[in-house]
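What follows is a set of notes on a single structure, which appears directly below.
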Amino acid sequence: GVGIQVPAGRIAAGRTRWQTVLLARDKPSIYRLHATNSLMVEVDGAARTIRVDAGASLDVLAKRIRVKAATGGAAHVAQGWYVLIS
């Protein structure tokens with residue numbers, strides 16, 4: 001089947017603080033995050049973070065998503081976008 005991607009928002013996060021990009025009130029949904037620069041992703045307060053490299057995408061089932069720029073890169077700010085998949 002073909003899914004429709006509904007735009008949800010843009011990501012612009014620094015290295016020092018986590019930025020909440022999504023806080024859903026209802027049930028968890030699947031979101032696709034696309035990183036223009038490398039970023040770290042925390043899903044629903046998990047102790048483990050996920051690194052998304054520049055140019056890569058990640059699908060997550062979540063109610064809350066927080067991001068920050070990944071360390072070790074040249075950029076101090078991570079940029080990208082996310083969309084609702086289902």
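Nothing here was measured: the structure is a model prediction, and the numbers come from that model. When reading the values below, keep in mind they use all heavy atoms of this one structure, side chains included, and skip hydrogens, waters and symmetry mates.
In this structure, L22 and Y31 have side chains that are in contact, with non-hydrogen atoms separated by less than 4.5 Å. Residues L33 and V67 have side chains in contact (heavy-atom distance under 4.5 Å, counting atoms from C-beta outward). Within the 4.5 Å cutoff, no side-chain heavy atoms of V77 are placed close to those of N37. Considering only heavy atoms from C-beta on, T49 comes within 4.5 Å of W18 through its side chain.
Remark: side-chain polar atoms of D44 are not paired, donor with acceptor, to backbone N or O of A62 under 3.5 angstrom.
Taking OG from S57 and OH from Y82, the interatomic distance works out to 15.0 Å, rounded to the nearest 0.5 Å. Taking NZ of K68 as the start and OG1 of T16 as the end, the distance is 8.0 Å to the nearest 0.5 Å. Here the NZ-NZ distance, from K63 to K27, works out to 11.5 Å after rounding to the nearest 0.5 Å. Here the CG atom belonging to L39 is positioned 10.0 Å from the CD atom belonging to Q19, to the nearest 0.5 angstrom.
Of all heavy-atom pairs spanning S38 and A78, the tightest one is O-CB, 3.6 Å. Smallest separation of non-hydrogen atoms from R15 and A70: NE-O, 3.9 Å. In terms of heavy atoms, A13 sits closest to A69 at O-CB, 3.7 Å. Nearest approach of G55 to H34, heavy atoms of both residues: O-CE1, 3.4 Å.
Under a hydrophobic-cluster definition in which Ile, Leu, Val, Met, Phe, Trp and Tyr are linked whenever side-chain heavy atoms come within less than 4.5 Å, directly or via other members, M40 and I11 are assigned to different clusters.
Comment: E42 engages R64 in a salt bridge, judged by a side-chain N to carboxylate O separation of less than 4.0 angstrom.
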